[in-house]
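Notes follow the structure.
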Amino acid sequence: MSAYPEGHSSLLENLNPEQRAAVTLPHESALILAGAGSGKTRVLTTRIVWLIQTGQVSPHGILAVTFTNKAAKEMMTRISAMLPINTRGMWVGTFHGLANRLLRTHWREAGLPQSFQILDSQDQLSAIKRLMKAMNVDTEKYEPKKVQWFINGHKEAGRRARDAEAFDEYSMRMAEIFEAYDAQCQREGVADFPELLLRAYELLYRNEPLRQHYRDRFKHILVDEFQDTNTLQYRWLKLFAGPHTALFAVGDDDQSIYAFRGANTANMAEFEREFAHGNVIKLEQNYRSHGHILTAANTLIARNAHRLGKNLWTAEGEGEPIRIFEAWSDQDEASFVVDEVRTLSREGVALSDMALLYRSNAQSRVLEHALFSAHVPYRVYGGLRFFERQEIKHALAYLRLLTNPEDDGAFLRVVNFPTRGIGARSLEQLADNAARSGSSLWQAACTSSGKVAGFAKLIEGIKQATADLPLAEVIDHVIEASGLGDYYRADKDGADRLENLNELVNAAALFSEESEENTLDAFLAHAALEAGEHQAGAGHDALQLMTVHAAKGLEFHTVFITGLEESLFPHEQSAHEENGLEEERRLMYVAITRARRRLYLSHAQSRMLHGQVRYGLPSRFLDELPAQVLLHLNRRAESACPSGMQQATGHYGSPAPRSPGSDTGYKVGQSVAHAKFGTGIIIDFEGRGPDARVQVKFRDAGTKWLALAYAKLSPA
DNA sequence: GCGTGACATTTTTTT
DNA sequence: AATGTCACGC
């Protein structure tokens, strides 16, 4: 303690020994294994403040990297609250945000036009489709989505088209498309998300003086959510870290839930070997959840084989048991949740302190319906983001065209929207002309005649009229001059879209005020990189609905995890993926550890999926929890559902029709046990009497048809 | 050129 | 169920 000047003790006062050790580590690389709720963000921000306050580094020498804009903002807010001095010069942001910053500064060295534009995933996909059409690629055989996946996967692993392993006809063609796609992007002056990272990486890799400059500058690099880094991001960090840089990586391998998009869990072990050299601190004290909840989480995650190893504990009491509810149907499940939420709300738990979690977005519909009917205020996270709405994308495309006319994607998006009589045939002609002279569509349009030339004049006119206007007024002018405003005013369903366009003008005004750079290019980059968090309805007390993925990093008094059925959670897709089940289990671990005080787990026997009733078995994750912390709210007797009870629990519609074979004592939807195949659920029925056969979906043994007369089935 | 209906297609999500 | 994509006819 005495090693550091007085006055900093208050900074370290409320930290536990491990947290303090992490915050005050000497100038060395280290790995901080921080469990859920262990004060990870606090350690990260406190370390930055401590480093600066003790004079070990100036804000200028710090680089802090996060994954989401939300996390970056949160970090900045906390730092400013602790540090009265200005924090400018400190680089805090997302990987992509920082890469963008680098490329904007060194655009020439990176081989990009000064006004290069960023393609979001949507833009990228349409660029790929456009290219494949021009190349005459069969989109049945080569699905554009797969191509996008292929390209991004390679880029995220740090590979260009020439490095892509191509051994058969299929992958060779894919690599060809990849190469042509990158050429198209280069021609048009656009970069997709992974391209930002790869370009920035290559820039520093090839440019020795520049690399040296940044290596000398950043004395401390701190990384949040390190378990989510992909191969390229890790190499990126290694490039930035010179011999005198301390890399401080904070992460939790148990919360790695983004392997499906390239996150490489092995990075943590690798980092430990390459940088930390055993300099590892584990934060295992959890300040969030009560004991039973942690016990459940620990027991569950212990089943995963590939772990660095960590066990959370709490100084709090055991708390309440975990409540399990078995519903007949998804609607039954929803009405159960509504009842419990209302009761808790009456008891004083704020709605905003309760979360309703599900594995996939499609599950929210039924829940929303029930909440809406019961007049329970709720807010759904996720879904369409502000800058991804079509009217916003249209306006942005006009803006992109103003600053970067080579952008064919933007050109095509708005050349005939609002419609101005420029159809597919004229565009084909235009594209031919452009291809022949090797120029962009825009250039070809400028030298053409008729309606296409009219469009070029329109854009040229807008460009001149807005040359000296402030950002917000530029956008306002574009909306009107382009005809977007008139178009949506005439559309009877256009009111919302008009309002969003208005909101875009406001967002631009706000952006000019808040950021140092208020150029159009900066705003367009901002729009691409921070598409979300522009959502209405914040601030009201409302029940929080979201996918488990979206819940990471958040915490609530009460958490409901719904749809705990086999093939839904764990998702059936995960069975086909390598280590897919382990990732699903980590997802469940994340879900459980969101709860502070009360946790509900529910599953339904039947559920509407893709317009069909499906029957699901309870999730294996329920069996993986220790029985002594569970409370079964309605563990049912052996028998099937008495028909009257379905209505009593809110099952809509007419009672189930008498199914064939209801005389045999078995019916569709019922759980059964088989001596050899284990437990399963009846999903279909065929025949009567001695010929009766049932189709049973077994949890572990797949789906089978069994003759009732021979198979030794028993109700389970 | 544009609107309409048949058709398939359904994880998770940030940047 | 709901949504997007695509071919077809006006």
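Lettering follows sequence order; numbering is per chain, from 1. Quick caveat: nothing in here was measured; it's all calculated off a predicted structure.
The distance between the ring centers of Tyr378(A) and Phe372(A) does not fall below 6.0 angstrom. In this structure, His549(A) has its ring center at least 6.0 angstrom away from the ring center of Tyr358(A).
Comment: Arg307(A) engages Asp254(A) in a salt bridge, judged by a side-chain N to carboxylate O separation of less than 4.0 angstrom.
Here the C1' atom of nucleotide dA7(C) and the NZ atom of Lys133(A) are 12 Å apart, to the nearest Å. dT15(B) atom P lies 16 Å from atom CD of Gln148(A), rounded to whole Å. Distance Gln124(A) CD to dT14(B) C1': 13 Å, rounded to the nearest Å. Atom CD in Gln390(A) sits about 13 Å away from atom C1' in dG4(C), given to the nearest Å. Atom CG of Asp123(A) is separated from atom P of dT15(B) by 16 Å (rounded to the nearest Å). Rounded to whole Å, atom C1' of dT13(B) lies 12 Å from atom CZ of Phe67(A). Separating the NZ atom of Lys70(A) from the P atom of dT13(B) is a distance of 13 Å, rounded to the nearest angstrom. Between the CZ atom of Arg385(A) and the P atom of dT13(B) there is a distance of 9 Å, given to the nearest Å.
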**Request:** Show the numbers, then the answer: is there a salt bridge (charged side-chain N to carboxylate O under 4.0 Å, His left out) between Arg160(A) and Glu195(A)?
**Result:** CA-CA 10 Å; Arg160(A) 289 286 176 191; Glu195(A) 181 70 26; 2.9 Å; yes
- Could you check Arg586(A) against Glu583(A) for salt bridge (charged side-chain N to carboxylate O under 4.0 Å, His left out), going step by step and ending with a plain yes or no? CA-CA 5 Å; Arg586(A) 291 194 292 269; Glu583(A) 174 138 325; 3.2 Å; yes
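If you check every strand for non-hydrogen atoms under 4.0 Å, Asp120(A) touches nothing. Backbone-only contact: Tyr258(A) has heavy atoms under 4.0 Å from sugar-phosphate atoms and none from a base.
A perpendicular orientation is assigned to the rings of Trp236(A) and Phe95(A), their planes being inclined by more than 60° (bins at 30° and 60°). Ring geometry, His394(A) versus Phe417(A): the interplanar angle falls under 30°, so the pair is classed parallel (tilted spans 30 to 60°).
Listed nucleotides dT5(C), dT14(B), dT15(B) differ in distance to Lys129(A); the shortest reach to its side chain belongs to dT5(C). Out of dT13(B), dT15(B), dA2(C), the shortest distance to the side chain of Arg365(A) is found at dA2(C). Ranking dT15(B), dG1(B), dT13(B) by closeness to the Arg425(A) side chain, first place goes to dG1(B). If you check dG1(B), dT14(B), dT12(B) against the side chain of Ala424(A), the one that comes closest is dG1(B).
Dashed line: the shortest gap from a side-chain N or O of Lys451(A) to OP1 or OP2 of dG1(B) is not under 4.0 Å.
In terms of position on DNA chain B, the residue among Ile257(A) and Ala528(A) whose nearest nucleotide sits closer to the 5' end is Ile257(A).
Judged by distance alone, with hydrogens and angles left aside, Ser121(A) brings no side-chain donor or acceptor close enough to the base of dT14(B) to form a pair under 3.5 Å.
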Give every pair of a protein N or O atom and an N or O atom of nucleotides 2-11 of chain B that lie under 3.5 Å apart, one pair per line with the distance.
{"residue": "dC2(B)", "atom": "OP2", "partner": "Asn416(A)", "partner atom": "ND2", "Å": "2.9"}
{"residue": "dT11(B)", "atom": "O4'", "partner": "His571(A)", "partner atom": "NE2", "Å": "3.2"}
{"residue": "dT11(B)", "atom": "O2", "partner": "Arg359(A)", "partner atom": "NH2", "Å": "2.7"}
{"residue": "dT11(B)", "atom": "O4", "partner": "Glu577(A)", "partner atom": "OE2", "Å": "2.6"}

